[in-house]
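Take a look at the structure set out below.
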Protein chains: 2
Amino acid sequence: MGSPENGNDVLAKSTVPLVSTKPEPVAASVTALETADNASDTKDLEPEWRQRAVSRSLNAARSRAEKRAQRFIDAAFSLMDEKHTTEFTIQEVIDRSKQSLRGFYQYFDGKEELLLALFEETILEATDDISALVDQQTEPMERLHQFTVRLHEWCEASETKRKRGAHDRRPISEFSVQLAINNPERVRLAMSPLFRMLVELLNDATAAKLVAVANPRHTSMLMMQTIMYSWFGNRLMDGPLSVITAEEAWDFCVYGLRS
Amino acid sequence: MGSPENGNDVLAKSTVPLVSTKPEPVAASVTALETADNASDTKDLEPEWRQRAVSRSLNAARSRAEKRAQRFIDAAFSLMDEKHTTEFTIQEVIDRSKQSLRGFYQYFDGKEELLLALFEETILEATDDISALVDQQTEPMERLHQFTVRLHEWCEASETKRKRGAHDRRPISEFSVQLAINNPERVRLAMSPLFRMLVELLNDATAAKLVAVANPRHTSMLMMQTIMYSWFGNRLMDGPLSVITAEEAWDFCVYGLRS
DNA sequence: AAAAGCCGGCAATGGCATTCTCAAATTTTG
DNA sequence: CAAAATTTGAGAATGCCATTGCCGGCTTTT
């Protein structure tokens with residue numbers, strides 16, 4: 001995986017904690033709460049070194065925690081790559097990551113949280129990747145087009161197509177539907193960077209009078225669905241001869257039935 | 001695995017396990033197969049009453065079986081209406097249908113088969129309903145339009161919208177995705193009447209030069225997805241203020257980004 | 001009315017997620 | 001450094017369900 005430290009402004013705001021880090025037991029905070037309304041004053045009165053020490057300690061703890069959580073996530077990704085499904089057991093994740101069951105539940109509220117984390121991670125990667133690609137274009141329509149094609153790839157990506165050591169993303173694509181049903185809010189949040197990008201691209205194209213949509217957000221969503229879940233339609237057509245390609249999805253989005 | 005409820009016409013020709021008892025007839029049929037082209041002669045030589053008797057017996061058995069199976073299905077539908085999910089337990093189905101666990105597994109290979117049955121039933125109902133509506137129109141585009149709006153309703157249909165004692169179909173819509181992932185072939189088969197209707201409507205519109213699509217089947221599938229699963233997008237947008245309506249889906253399908 | 005197959009009730013099995021327990025290991029603190 | 005506090009590992013225990021097995025009564029057939 002590439003360096004995840006891409007300081008994208010748009011993303012920064014909506015970044016959701018990958019792991020549910022259990023609130024660190026900061027003993028001092030208990031006493032601080034008694035003088036709630038002047039908490040900042042209290043802080044200022046404390047020697048700076050103390051804050052830094054606490055901060056360092058917390059950072060150390062967080063770093064350790066992140067490393068541990070990451071091992072679970074890596075194990076899960078590798079299991080998915082092998083089994084092409086999200087139906088691995090927690091036990092398998094434990095075994096592969098060489099950590100303990102207890103540890104797992106310390107870092108994730110349950111299996112769904114783990115899958116959500118995988119989903120978030122994937123969306124972030126995809127957003128970076130697509131963003132970089134789109135930025136190579138200047139024409140609004142071409143930017144939209146690139147967005148479409150690449151996003152389609154990300155969601156379709158079968159084992160044979162994977163490049164750059166990326167993971168098999170089909171299992172996640174598949175499970176994302178389930179996720180969206182049980183936990184729409186989280187999924188919405190996770191997808192928002194991607195969604196925001198699309199809305200922007202669409203707005204740009206509209207401004208340039210290259211397209212005309214009544215409601216950019218609604219249209220974006222319809223487009224997003226069409227692109228991301230065309231694999232679903234493929235499952236439902238006979239023969240592998242008939243496969244909806246990225247270009248077909250694109251044409252459908254742009255021209256509808258007038259293609 | 002052979003499901004016990006295969007009352008399929010195609011299968012009727014082969015030996016039916018329900019009443020015929022001995023394995024000997026199988027051996028006989030093997031020899032009969034050697035002289036394949038006079039198989040019908042052989043049939044004619046059997047006394048007709050015998051065939052009718054067997055047939056009547058089978059029909060009776062089938063009828064009884066169907067009634068029993070139907071009770072499971074009714075119970076499942078009613079549970080879905082109440083719980084708004086397919087996550088009821090088999091035990092609940094048993095209790096409500098006042099039948100036995102044993103009976104359940106005699107008629108369905110498992111829970112997935114039951115859900116598949118609900119799905120099939122729903123699709124058939126929907127197809128009839130939509131078909132009747134579409135046939136009230138003569139203009140190809142209006143036919144397509146009606147198809148779209150009504151199908152959207154069928155898939156979206158929340159409790160508040162239900163009429164005519166129809167069931168809450170959201171749980172099935174939701175689960176159909178899962179179903180399509182685990183069992184694409186069955187789902188494809190179940191959806192084929194609906195799919196065929198859409199392809200025809202689209203072909204008619206194309207013939208009338210009202211639309212122009214490169215690949216009717218692919219476009220139909222994209223359209224179908226857009227219509228049937230726009231509820232999915234709704235889950236992913238903030239606030240219930242923003243809801244993709246049937247008309248929006250229709251516009252998107254027809255005009256794409258040029259609406 | 002005996003034989004044969006069907007059926008209801010219900011206990012048993014098995015897979016898996018999630019929790020619980022406890023003692024060893026590690027970190028923090030005085 | 002050593003006691004106290006916290007984290008962690010190992011894995012047993014629990015709970016939920018789907019699915020199977022078993023047996024004694026109940027029809028239907030012969």
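Computed from a predicted structure; not experimentally measured. Reminder, nothing fancy here: chain letters follow the sequence lines and each chain counts from 1.
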Using a 6.0 Å cut-off, check whether atom CD of A:E87 has over 12 heavy atoms from anything other than its own residue.
no
Can a donor-acceptor pair be found between the side chains of B:T122 and B:H167 at a distance below 3.5 Å?
no
As a check of understanding: the bend across the helix from C:dA1-D:dT30 to C:dG30-D:dC1, end axes from five pairs, rounded to 10 degrees, works out to 0°
Whole Å only: how far is the CD atom of B:Q99 from the P atom of C:dG8?
7 Å
Can you check the B:L114 CG to D:dC17 P distance for me, whole Å?
16 Å
Under 4.0 angstrom between A:Q106 side-chain N/O and D:dT8 OP1 or OP2:
yes
Salt-bridged, A:R169 to A:E125, with N to O below 4.0 Å?
no
Under a 4.0 Å threshold between the charged nitrogen and the carboxylate oxygen, would A:E82 count as salt-bridged to A:R96?
yes
Atom CD of B:E92 to atom C1' of D:dT19: distance rounded to whole Å?
17 Å
Could you tell me how far apart B:L79 (CG) and D:dC17 (P) are, to the nearest whole angstrom?
13 Å
With sequence neighbours left out, write down each residue that passes side-chain contact (heavy atoms from CB on, under 4.5 Å) with A:E185, or none if nothing qualifies.
A:R188, A:L189
Residues at least two apart in sequence or cross-chain that pass side-chain contact (heavy atoms from CB on, under 4.5 Å) with B:S192, listed by chain then number, are B:R196
Using the ring pair (Phe, Tyr, Trp, His ring centres under 6.0 Å) criterion, which residues pair with A:F195? Sequence neighbours excluded.
none
Mark up nucleotides 10-23 of chain C, 5' to 3', with B wherever a protein heavy atom is under 4.0 angstrom from a base atom, S wherever such an atom reaches only the sugar-phosphate, and - elsewhere.
BB----SSBB-B--
Taken in chain and number order and not counting sequence neighbours, the residues that satisfy ring pair (Phe, Tyr, Trp, His ring centres under 6.0 Å) with B:Y229 are A:F232, B:W231
